[in-house]
Amino acid sequence: MTDNTQRPQDGASSARPEDLPTQYAPAEVEGQLYERWVERGYFEADEAGGKEPYTIVIPPPNVTGSLHLGHAFEHTLIDALTRRKRMQGYETLWQPGMDHAGIATQNVVERELAKEGKSRHDLGREAFVDRVWKWKAESGGQISGQMKRLGDGVAWSRERFTMDEGLSKAVQTIFKRLYDDELIYRAERIINWCPRCLTAISDIEAEYQDDEGELISIRYGEGENAIVVATTRAETMLGDTAVAVHPDDERYRHLVGTEIELPLTGRRIPVVADEHVDPGFGTGAVKVTPAHDPNDFEIGRRHGLPNLAVMDEHAVITVHGPFQGLDRLEARSTIVAALRAEGRIVAEKRPYTHSVGHCSRCKTTLEPRLSMQWWVKVGPLAQAAGDAVRDGRVKIHPEDMSKRYFDWVDNLHDWCISRQLWWGHRIPVWYGPNGEVVCVGPDDEPPSGEGWRQDSDVLDTWFSSGLWPFSTLGWPERTDSLAKFYPNSVLVTGYDILFFWVARMMMFGLYAMDGTPPFHTVALHGMVRDQFGKKMSKSFGNAVNPLDWMDTYGSDAVRFTLARGAHPGVDVPIGEDWVQASRNFANKIWNATRFALMNGATVEGELPDAERLSAADRWILSRLNSVVAEVDAYYDDYQFAKLSDTLFHFAWDEVFDWYVELSKTTFAKGGPAADASRRVLGEVLDVTLRLLHPLVPFVTEQLWTALTGQESVVIADWPADSAFRDPAAEREIETLQQVVTEVRRFRADQGLQPGQKVPARLELGGTALAAHEDAIRQLLRLQPEGEGFTATATLPVAGATVALDLSGAIDVEAERKRLAKDLAAAEKELAQTTAKLGNEAFLAKAPDQVVEKIRARQASAGSDIERISAQLSALPQA
RNA sequence: GGGUGCAUAGCUCAGCGGUAGAGCGCCGCCCUUACAAGGCGGAUGUCGGCGGUUCGAACCCGUCUGCACCCACCA
């Protein structure tokens with residue numbers, strides 16, 4: 001090892017390898033390593049640099065609290081991608097930041113206030129917003145801390161917040177531009193109103209679920225003119241301004257155009273004919289409440305009906321009379337009772353399940369409400385957003401998710417962007433004393449003079465996050481960062497916000513950046529679930545704070561577990577057992593490297609030429625190169641689960657197990673072969689640690705710096721596939737593995753203890769195994785033959801023969817059982833392959849390769865049967 | 001009402017046309033001088049049901065059943 005003054009101050013490098021603890025203790029070193037990375041500026045991105053850019057923006061976490069396992073999952077994937085690209089020599093930017101999360105954060109802070117017995121109105125707008133900023137400072141700090149613990153390699157100096165000055169400017173700029181382009185307008189429509197949050201919300205913030213309701217039939221009008229209507233929301237009848245029937249419905253044709261009496265109100269309302277009515281449903285007659293139902297609103301518009309609002313923002317009845325002041329549920333039962341008293345209920349109410357909208361933030365039943373709001377006209381924007389994916393400029397991964405995307409952008413209603421909240425970007429519009437409306441951009445002065453006031457609403461939180469890929473880079477200024485890092489390379493996010501966020505970024509990105517989409521690829525991941533596949537939620541009690549697991553098992557273990565479950569677009573169940581398994585893997589890496597260091601593995605000097613290497617050396621190098629190629633391919637396809645699994649098995653099974661075990665024999669013998677092998681072991685570990693680094697950055701950093709004496713694996717080169725392959729060596733070692741495994745099985749069946757030495761004679765002549773006798777003896781604990789050797793068991797495997805002297809202690813029955821089982825398997829194999837090869841259709845149609853494979857299997861089954869039969873008959877009689 | 005996805009070992013899931021796999025769990029033997037957070041060996045599945053295509057199906061097609069999720073303005 002070379003001297004290295006920058007070496008981390010941890011156990012891995014300050015002690016001699018043999019003094020290292022035998023267990024990896026992540027908690028002691030992860031924090032220090034992270035600090036060092038940040039101090040050295042590894043994660044910062046230089047817009048002036050000449051390297052090719054690679055950009056990913058963080059899906060900005062809401063400042064509502066702390067990160068959950070889902071964030072840890074997403075961050076693991078993004079961090080792995082960016083770390084690899086950084087090692088590949090890209091100018092890498094992982095853009096950090098957070099989202100003010102309008103309604104969500106306001107609700108959280110309001111709940112805090114409620115604990116003090118206060119409402120936001122007690123504080124007033126300004127003081128309340130101050131209070132939210134305070135909350136943001138705390139919560140944001142917590143989130144940053146969690147990200148550091150996770151090892152997120154973000155460019156901290158560039159951290160942004162959706163409400164900071166620059167981003168607010170971006171919001172105002174695009175608002176003004178859209179307004180001037182007539183893509184933003186103000187209109188009175190039926191919106192989803194949350195009577196608890198007291199704000200409008202957009203269509204996708206409404207969560208529909210089946211609620212049990214009661215369908216009640218009410219008779220409107222009298223005698224000949226009576227019409228029975230059915231409703232689940234009797235309270236809205238106070239606002240009815242018509243009854244609608246289908247134009248072709250014979251039953252009601254005579255009534256169309258007449259007026260009938262609306263019970264309880266003394267009002268008379270017209271009967272109108274409208275195509276929307278389904279004559280087959282219920283009585284075929286619908287009460288029409290334009291001010292409280294989106295369909296009725298449309299009917300009303302078609303027939304010029306008045307919009308009569310009967311509930312206020314709290315969903316409390318406002319019309320004068322006995323029901324005034326009742327909230328909607330009280331009103332419902334009271335009104336039904338009143339109707340019954342008048343004999344208006346014609347059929348008993350019956351249970352009825354129907355889909356009802358709920359507020360996605362507080363679950364309150366939404367009240368459709370007529371209201372003046374700001375809207376984005378999405379038609380042209382959505383068209384462009386759809387086209388960018390359709391024509392391949394943006395790829396959605398996995399691809400079948402793009403279908404969902406199209407379904408949405410192609411059937412989009414206008415987007416209600418105003419919210420009656422206090423926390424958020426205030427709408428940059430002023431109203432004058434004479435009804436003037438002025439939209440003001442960031443560079444304009446707001447109108448002055450008497451009677452001007454700013455719109456009191458704020459914007460939907462997704463309005464600002466839709467600008468994230470470019471607002472974080474300085475837009476609307478034409479900054480160098482924007483030029484360098486836009487468009488982003490990939491967007492990594494959950495499929496659950498494909499509509500909320502991805503589609504909005506697409507629309508705004510294309511619009512603001514002159515038709516350049518915000519990113520080349522959208523890589524969608526699934527949701528983290530518990531070990532039984534259940535959704536994690538705080539109320540259900542199965543939510544996990546990633547910090548807890550990181551404290552216990554280390555960040556690497558949590559990260560590796562998450563990466564290992566990351567099949568594209570698929571939910572990932574995760575339990576503590578999984579994390580333990582990953583922790584064990586980290587520990588294995590630790591100890592394997594410790595072994596290597598103790599045995600003088602080195603990265604110094606050139607790798608010896610292939611001719612000077614043993615078969616084992618050539619085998620592992622050959623495998624290593626294959627794995628580099630595999631891992632690269634998986635990375636490029638966002639197959640994190642597969643690349644993690646590939647690395648897990650390669651590292652553990654092939655390097656740490658077989659290769660390390662084989663190298664023990666070589667090291668014991670010493671000489672040039674041992675020197676060569678030390679260099680190869682160093683090489684293999686060096687490359688393996690670099691391959692693993694993006695997934696498990698901490699343990700690899702410690703070990704790699706100790707092994708190589710270099711500054712940091714963070715800035716090391718990503719391994720190149722050197723194209724060296726040695727199929728012959730691979731076959732040779734596979735054969736060795738076969739022999740060793742077979743004899744081990746025999747030993748185990750014979751009840752021999754693993755450490756027990758057994759005299760043996762090996763006949764390896766003529767096979768490629770001849771050179772491996774020492775290794776085989778070592779791996780199988782076989783002694784030299786010695787005096788009086790008697791072969792009591794002879795095992796022919798893969799062309800070689802291993803004869804063991806069990807001093808007559810052989811368990812004949814166990815051996816007979818074992819062989820009988822093998823024989824049965826071989827016979828079955830022979831029967832199957834023979835049948836197949838006797839099938840002419842198969843021979844005619846199957847590819848040659850397949851036929852060859854079957855022939856080979858048949859042949860080996862045949863020789864196995866011969867061999868096993870011989871062994872069986874050679875067994876002593878019981 | 002539409003749409004999508006999933007049903008494979010005890011659990012959670014890979015595999016997606018040519019001998020059924022992983023992790024965890026389970027059984028047995030071992031503290032073998034890197035690692036017991038380890039080593040070695042082992043057991044376990046009519047790949048949801050029924051049809052079809054194919055020389056060959058866990059894999060393709062149809063259908064049924066059961067579960068998820070998304071979308072939708074039927075009172």
Side-chain angles (χ1 to χ4, degrees), chain A residues 17-18 20 22-24 190 204 208 215 229-233 236 244 276-278 280-289 293-298 352 354-355 357 368 400-401 403-404 407-408 411 413 495-496 498-499 527 529-533 553 557 561 564-565 567 569-575 577-578 580-599 641-642 645 648-649 656-657 660-661 664 741 744-749 751-757 781 828-829 832-833 836 839-847 849-851 853-854 857 861:
Chain A
E18 54 269 42
L20 290 178
T22 59
Q23 287 190 353
Y24 170 54
I190 294 272
I204 43 173
Y208 286 87
L215 198 60
V229 298
T231 183
T232 54
R233 304 186 57 218
T236 62
H276 171 263
V277 180
D278 174 5
F281 183 91
T283 60
V286 185
K287 61 190 276 302
V288 181
T289 324
D293 183 281
N295 294 313
D296 294 4
F297 179 75
E298 292 303 319
Y352 183 72
H354 60 147
S355 182
D400 39 306
M401 287 283 181
K403 198 179 245 177
R404 270 198 206 186
D407 281 351
W408 199 71
N411 299 295
H413 297 293
Y495 62 73
D496 58 328
L498 185 60
F499 306 145
M527 304 295 114
R529 293 168 176 274
D530 75 7
Q531 62 206 300
F532 306 112
Y553 303 109
T561 307
R564 231 184 149 185
H567 294 97
V570 178
D571 290 351
V572 34
I574 185 167
D577 287 358
W578 285 241
Q580 271 174 30
S582 300
R583 184 269 316 264
N584 295 353
F585 180 51
N587 192 53
K588 188 74 181 177
I589 301 172
W590 172 269
N591 277 298
T593 309
R594 204 172 129 245
F595 167 85
L597 293 172
M598 284 164 61
N599 285 280
K642 286 184 179 163
D645 204 56
F648 176 86
H649 282 113
F656 303 158
D657 184 348
V660 161
E661 290 306 322
K664 284 179 184 173
T741 304
R744 274 178 180 161
R745 189 153 80 98
F746 172 80
R747 287 187 53 126
D749 286 342
L752 295 176
Q753 298 206 335
Q756 189 179 330
K757 299 265 176 25
R781 316 279 155 193
K828 189 177 161 197
E829 177 78 357
Q832 276 175 356
T833 49
K836 197 131 203 188
N839 182 334
E840 280 175 37
F842 168 72
L843 291 175
K845 297 201 175 178
Q849 274 183 314
V850 174
V851 177
K853 236 188 220 170
I854 305 273
R857 278 168 48 198

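Below, chains carry the letters A, B, ... as their sequence lines are ordered, and counting in each starts from 1. Worth knowing before you read on, the calculation uses all heavy atoms, side chains too, and leaves out hydrogens, waters and symmetry mates.
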Problem - Atom-to-atom span, CG of A:Asp645 to C1' of B:G21 - whole angstrom - result: 10 Å
Practice task
Report the residue (A:Leu843 or A:Asp749) whose heavy-atom-nearest nucleotide on RNA chain B is the more 5′ of the two.
Solution key: A:Asp749
Set out, line by line, the N/O atom pairs under 3.5 Å between protein and nucleotides 71-75 of chain B.
| residue | atom | partner | partner atom | Å |
| --- | --- | --- | --- | --- |
| B:C73 | O2' | A:Asn295 | ND2 | 2.3 |
| B:C73 | N1 | A:Asn295 | OD1 | 3.1 |
| B:C73 | O2 | A:Asn295 | OD1 | 2.1 |
| B:C73 | O2 | A:Asn295 | ND2 | 3.3 |
| B:A75 | OP2 | A:Tyr352 | OH | 2.7 |
| B:A75 | O2' | A:Ala230 | O | 2.4 |
| B:A75 | N6 | A:Asp278 | O | 2.6 |
| B:A75 | N6 | A:Phe281 | O | 2.9 |
| B:A75 | N1 | A:Asp278 | N | 3.3 |

Practice task
Please tell me if the side chains of A:Arg404 and A:Tyr495 come closer than 4.5 Å, counting only heavy atoms from C-beta onward.
Solution key: yes
Practice task
Measure the spacing between OG1 of A:Thr593 and CZ of A:Phe656 and express it to the nearest 0.5 Å.
Solution key: 6.0 Å
Practice task
For A:Tyr24, answer base if it contacts any base atom (sugar-phosphate contacts may also be present), sugar-phosphate if it contacts only those atoms, and nothing otherwise; contact means non-hydrogen atoms under 4.0 Å.
Solution key: base
Problem - Minimum heavy-atom distance between A:Lys287 and A:Arg233, given as atom pair plus value - result: NZ-O, 4.1 Å
Exercise for the section: Starting at CZ of A:Phe585, measure out to OG1 of A:Thr561 and round the result to the nearest 0.5 Å. Expected result: 11.0 Å
Exercise for the section: With sequence neighbours excluded, tell me which residues meet side-chain contact (heavy atoms from CB on, under 4.5 Å) with A:Glu298. Expected result: A:Arg301, A:Arg302
Exercise for the section: With C1' as the reference atom in both, quote the distance from B:G38 to B:G49 in angstrom, rounded to an integer. Expected result: 45 Å
Practice task
Tell whether A:Gln23 reaches the base of B:A37 with its side chain through a donor-acceptor pair below 3.5 angstrom.
Solution key: yes
Completion exercise
Pairs under 3.5 Å (Watson-Crick or G-U), crossing ones as [ ], inter-strand ones as |: RNA chain B comes out as ((((((((.[[[[.)..(..]]]].(((((.......))))).....[[[[[..)....]]]]])))))))....
Exercise for the section: Just call it for A:Glu829: base, sugar-phosphate, or nothing, with non-hydrogen atoms closer than 4.0 Å on any strand. Expected result: base
Practice task
Quickly work out the A:Asn587 CG to B:A37 C1' distance and round it to whole Å.
Solution key: 5 Å
Exercise for the section: Measure the shortest side-chain to side-chain distance between A:Trp408 and A:Leu498 over non-hydrogen atoms and say whether it is less than 4.5 angstrom. Expected result: no
Handout entry: Sequence-aligned protein contact record of nucleotides 3-18 of chain B, with B where the base is within under 4.0 Å of a protein heavy atom and S where only the sugar-phosphate is
Key = ---------SSSS--B
Practice task
Using a heavy-atom cut-off of under 4.0 Å over every strand shown, decide if A:Gln756 touches base, sugar-phosphate, or nothing.
Solution key: nothing
Handout entry: Atom pair distance, as rounded to whole Å: CG in A:Asn584 and C1' in B:A37
Key = 4 Å
Practice task
Supply the atom-to-atom distance A:His413 NE2 to A:Ile204 CD1, rounded to the nearest 0.5 angstrom.
Solution key: 12.0 Å
Problem - Separation of A:Lys836 NZ from A:Lys853 NZ (nearest 0.5 Å) - result: 11.0 Å
Exercise for the section: Establish, with yes or no, whether the OP1 or OP2 oxygen of B:A34 is under 4.0 angstrom from a side-chain nitrogen or oxygen of A:Lys664. Expected result: yes
Practice task
Report the nucleotide, chosen from B:G41, B:C24, B:C40, that has the shortest atom-to-atom distance to any side-chain atom of A:Arg745.
Solution key: B:G41
Practice task
Report which part of the nucleic acid A:Val229 touches: base, sugar-phosphate, or nothing (heavy-atom distance under 4.0 Å, all strands).
Solution key: nothing
Exercise for the section: Provide, to the nearest angstrom, the distance between the CD atom belonging to A:Glu661 and the P atom belonging to B:G38. Expected result: 15 Å
Exercise for the section: Please measure how far the C1' atom in B:C47 lies from the corresponding atom in B:A7, and state the result in whole Å. Expected result: 10 Å
Practice task
Take atom C1' in B:G18 and the same atom in B:C60, then report the distance between them in whole Å.
Solution key: 14 Å
Problem - P gap between B:G52 and B:C16, integer Å - result: 26 Å
Practice task
Would you indicate what A:Tyr553 reaches in the nucleic acid, counting non-hydrogen atoms under 4.0 angstrom: base, sugar-phosphate, or nothing?
Solution key: nothing
Handout entry: From A:Gln832 atom CD to A:Glu829 atom CD, the distance as rounded to the nearest 0.5 Å
Key = 6.0 Å
Handout entry: For A:Asn591, all residues meeting side-chain contact (heavy atoms from CB on, under 4.5 Å), sequence neighbours excluded
Key = A:Thr22, A:Asn587, A:Arg594
Under 3.5 Å, which N/O atoms of the protein pair with N/O atoms of nucleotides 28-32 of chain B?
| residue | atom | partner | partner atom | Å |
| --- | --- | --- | --- | --- |
| B:C30 | OP1 | A:Gln753 | NE2 | 2.9 |

Exercise for the section: Quote, to the nearest angstrom, the C1' distance that separates B:U54 from B:G41. Expected result: 40 Å
Problem - Nearest-Å distance once atom C1' is located in both B:C6 and B:U19 - result: 27 Å
Practice task
Using a heavy-atom cut-off of under 4.0 Å over every strand shown, decide if A:Arg564 touches base, sugar-phosphate, or nothing.
Solution key: sugar-phosphate
Practice task
To the nearest 0.5 Å, tell me how far A:Ile574 CD1 sits from A:Asp530 CG.
Solution key: 10.5 Å
Problem - A:Lys588 NZ - B:G23 P separation (whole Å) - result: 13 Å
Handout entry: Rounded interatomic separation in angstrom, taking CZ from A:Phe648 and C1' from B:C24
Key = 10 Å
Exercise for the section: Kindly point out which of B:A34, B:C40, B:G41 is positioned nearest to the side chain of A:Thr741? Expected result: B:G41
Problem - Whole-angstrom distance between B:G25 and B:C50, as gauged at atom C1' - result: 34 Å
Practice task
Could you work out the separation of B:G5 and B:G15 based on their P atoms and round it to a whole Å?
Solution key: 15 Å
